[in-house]
Every structure is written in C-alpha cells, then in structure tokens.
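Below, all heavy atoms of this structure are taken into account, side chains as well, without hydrogens, waters or symmetry copies.
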Amino acid sequence: MTTLTRPEPDGTGTGAPAGQAAGARADAERPPRLRRELRALHALVHRDLLRLACQRTPTALMLLHPVLYLFILGGGLATLIPTASLGVGYRTYLFPGMLMMTVQTPAIMVGIRLITDRQSGYLRELLMAPVGRATLLLGGCAGGTLVATVQGAVLLGLAGAVGLPYDPVLFALLLGGMVLASFTITALSLALAVGLSRPETFHTLLGLVMMPLLFLSGGFFPLASLPGWAQPLAAANPLAYGVDVLRRSIALRAPGQTAAGGVEWAGRQPPLFLEAGLLLTAGVLALLWATRRFSRPE
C-alpha cells in the first residue's frame, strides 16, 4: 500500500513546497536591480575619492604643473604680450587654460586605470559583480569627473593672484564649466582606452593627441592667431569649447576681464549655452560609444 504524505506547510498559507518558499524569500531579500547599480556606482566613486585622499604627493605634483605654467610662463610672457592684444593681462588670459590643464590630467588617468585594471585581473573580478558592464564604466567616468573637478577647484584659490574677484557666483560658474570639461575628457579617455590592452599604446596615442588639442584650445594664445589651416581643427576641438566656456564665464561676472574671442563659426562666436551643450554632447557620445564597446564579452 502506498502511503501518501501531505506537504509540510511553509508558512505562506499556500501549501507550496519548501524549496519554492526558500526561493521566494531569497528573491524578496535580494535588492532591486536599480539599488544594486546605484551601490556599484557609489562604491566606484568612493574608491576614486579614497585614492585621491591617499595619494597626496602625486596629487600635489599634478597641481604644481599648472601653477608653474601660470606664474613662470605667465609672468615671463606678461611683459612681452601687450594687454591690448588680449583684452586682459596674460595671467588672467592664461587662467582658464590652466584650469583645463588641471582637470585634464586626472581625467586622462581614468583611461590608464582601465587598462591597468584589465592587465592586473581586477577588472575581471569587477565583471563578476551582479551589475551591468555599463554601470562599471559609468562609475569610473563619474569618479574621474569628480576627482578632476575637485583638483580644479583647488586652483580656484589662485583667482585673486591673476586679478579675478573672489565671487561665489563666478566660482560656481567656473565649477560648472570644469564639471563639463572633466566629464568630456574622462569620457574621451575611456573611449580611447576601452579598445586597448597595453598602457604603452595609450600613452603613445596621448602624446600624439592631447598636447595638440591643448595648444589648439585657445588656452595659451587666441585662436585667431592660428594659421588658416588650423582654424577648422580648433573649431572641432572639444577642449577649445571648454576653455571658451570658462573664459566667457569669467566675462559674465567680471566685465572688465573680457578676453579676446575664442571659437568662431564663420567669423561669429557661438552662444555660451550652445558651446556648453556641444561640450556635453561630445562627452555623452564618447561615453555611449565606450559603453557599447565595453559591453561586448571579452
């Protein structure tokens, strides 16, 4: 005779087997997907902030580089370049370019870390986390943007030394411009690094690309003084729009510090908000392209 056994109650009142009840409880205890993604973003940004706090000497050296440019190069050329040709003193003219140089270095380091993390195996461990690959890349971009902006904000303390007022609204505008520039440079760095496997190749490409972009940004001299063949290159340079946004932000709050024009289209300067929008668009497109490449299985 076959003995029939009744399933033990699982406490849910439905009479479901214990295995199904355990699975339901596990699903209930598992955090929602959005919460997991946000936790991963927070962890990656927190890691970059911890690295910034612990690596004080490299951070100080990175900040020293634009400061030397500002006071040594700026001080030497200020006596040679007349104020009338720039609209402002040369140090004041150089200041937005030095802000761009300050945020450029930590933003580029994000791409280098992506390659070194892939080589060391740390990236493979990150990919085992129950989050999307796009979240990992977005977290690296957010952390790099924040670190670069923080370092640029330190340089704002030298505003008085170049003849700018300590105006909270001015600082807020400059911070906003640095966030845009940091985001775009970080996204471009990730877009360049996501398809590379050797940091040496990345450094070589940076040497070929970043310095010309910096000199074509208008940070050191007016773009109008460039030869005709270089004008289209400057108009397509994202860094030129970043420097222009910073310089025109200064002009909004300090009318007496209006420098010579930057990027021009057909002899006219585009509106400030259009330049900021183009800078943001370039960063978003670069990040989307990098995310698409990074989402492919290795």
Asker: Please report the closest heavy-atom contact between Trp265 and Val263, naming both atoms and the distance.
Answerer: NE1-CG1, 3.8 Å
Asker: Just so I know, are the side chains of Met210 and Leu239 near enough to count as touching, which here means a heavy-atom distance under 4.5 Å?
Answerer: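 Yes, side chains in contact.
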Asker: Taking all atoms of both residues into account, what is the closest heavy-atom pair of Cys141 and Ala187, and its distance?
Answerer: SG-N, 4.3 Å
Asker: I need the minimum non-hydrogen distance between Leu205 and Leu192, along with the two atoms involved.
Answerer: CD1-CD1, 3.7 Å
Asker: Under the salt bridge (Lys or Arg N to Asp or Glu O under 4.0 Å) definition, can you give me all pairs with a residue in residues 176-202, not counting sequence neighbours?
Answerer: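 Pairs touching residues 176-202 that pass the test: Arg198-Glu200.
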Asker: Side chains of Leu223 and Glu264: does their closest heavy-atom pair fall under 4.5 Å?
Answerer: no
Asker: State, with a plain yes or no, whether a side-chain heavy atom of Arg247 is found less than 4.5 Å away from one of Phe95.
Answerer: no
Asker: For the CG atom of Leu127 and the CZ atom of Arg118, what is their distance to the nearest 0.5 Å?
Answerer: 9.0 Å
Asker: Between CG of Leu137 and CG of Leu190, what distance do you get to the nearest 0.5 Å?
Answerer: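 Leu137 atom CG to Leu190 atom CG measures 5.0 Å (nearest 0.5 Å).
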Asker: Closest approach of Arg91 and Ala161, non-hydrogen atoms and distance?
Answerer: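 Answer, listing the atom of Arg91 first, then Ala161: NH1-O, 4.4 Å.
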Asker: Does Leu38 belong to the same Ile/Leu/Val/Met/Phe/Trp/Tyr cluster as Val45, with side-chain heavy atoms less than 4.5 Å apart forming each link?
Answerer: no
Asker: Does Leu114 reach the side chain of Phe202, with side-chain heavy atoms less than 4.5 Å apart?
Answerer: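 A side-chain contact under 4.5 Å is absent here.
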Asker: Do you reckon Leu146 sits in the same ILVMFWY cluster as Leu174, going by side-chain contacts under 4.5 Å, direct or chained?
Answerer: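 No, it is not one cluster - the side chains of Leu146 and Leu174 are not joined through contacts under 4.5 Å.
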Asker: Could you walk me through whether Leu180 and Tyr241 pass the side chain to side chain contact (heavy atoms under 4.5 Å, CB included) test, one step at a time?
Answerer: CA-CA 10 Å; Leu180 282 177; Tyr241 294 94; over 6 Å; no
Asker: Supply the atom-to-atom distance His65 NE2 to Leu70 CG, rounded to the nearest 0.5 angstrom.
Answerer: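 Nearest 0.5 Å value for the NE2-CG distance: 12.0 Å.
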Asker: Look up atom CG in Asn237 and atom CG in Asp244, then write down how far apart they are to the nearest 0.5 Å.
Answerer: 11.0 Å
Asker: Which is it for Thr186 and Leu287 under the side chain to side chain contact (heavy atoms under 4.5 Å, CB included) test, yes or no, and what are the steps along the way?
Answerer: CA-CA 9 Å; Thr186 304; Leu287 184 60; over 6 Å; no
Asker: Say whether, by atom type as modelled, one donor and one acceptor occur between the side chain of Arg253 and the main chain of Val169 under 3.5 angstrom.
Answerer: no
Asker: Are any side-chain N or O atoms of Thr184 and backbone N or O atoms of Ala181, one a donor and one an acceptor, separated by less than 3.5 Å?
Answerer: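 No; judged by distance alone, with no hydrogens or angles, the pair does not exist.
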Asker: Run the side chain to side chain contact (heavy atoms under 4.5 Å, CB included) check on Leu252 and Leu272 step by step: do they pass?
Answerer: CA-CA 10 Å; Leu252 286 177; Leu272 174 60; 3.6 Å; yes
Asker: In Å, rounded to the nearest 0.5 Å, how long is the span from CD of Gln231 to CG of Leu216?
Answerer: 9.5 Å
Asker: Just by distance, do the side chain of Ser120 and the backbone of Asp117 share a donor-acceptor pair under 3.5 Å?
Answerer: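 Yes.
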Asker: Please assess Ser217 against Leu214 for the test side chain to side chain contact (heavy atoms under 4.5 Å, CB included), listing each intermediate value before the final yes or no.
Answerer: CA-CA 5 Å; Ser217 67; Leu214 188 61; 4.2 Å; yes
Asker: Less than 4.5 Å apart, side chain to side chain, heavy atoms only: is that true for Leu126 and Val131?
Answerer: no
Asker: Taking all heavy atoms of Val110 and all of Ser189, pick out the closest pair and write down the distance.
Answerer: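 The answer is C-OG, 4.4 Å.
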Asker: Indicate the atoms forming the closest heavy-atom contact of Tyr90 with Leu73, along with that distance.
Answerer: CE2-O, 4.3 Å
Asker: Looking at side-chain heavy atoms only, is the closest gap between Phe220 and Met98 below 4.5 Å?
Answerer: yes
Asker: Distance from Met101 atom CE to Leu94 atom CG, nearest 0.5 Å?
Answerer: 8.0 Å
Asker: Is there a salt bridge (charged side-chain N to carboxylate O under 4.0 Å, His left out) between Arg51 and Asp48? Walk through the geometry before answering.
Answerer: CA-CA 5 Å; Arg51 182 184 290 110; Asp48 287 336; 2.8 Å; yes
Asker: Is the closest side-chain heavy-atom distance between Met100 and Ile185 below 4.5 Å?
Answerer: yes
Asker: Hey, any chance Leu173 and Tyr166 share a hydrophobic cluster, counting ILVMFWY side chains that come within less than 4.5 Å of each other, even indirectly?
Answerer: no
Asker: Count I, L, V, M, F, W, Y as connected when their side-chain heavy atoms are under 4.5 Å apart, and connections chain through other members. Are Val162 and Phe171 then in the same cluster?
Answerer: yes
Asker: How about Phe221 and Leu226: do any of their side-chain heavy atoms sit closer than 4.5 Å?
Answerer: yes
Asker: Check the hydrophobic clustering (I, L, V, M, F, W, Y; side-chain heavy atoms under 4.5 Å; chains of links allowed) and say if Met211 and Leu99 are grouped together.
Answerer: yes
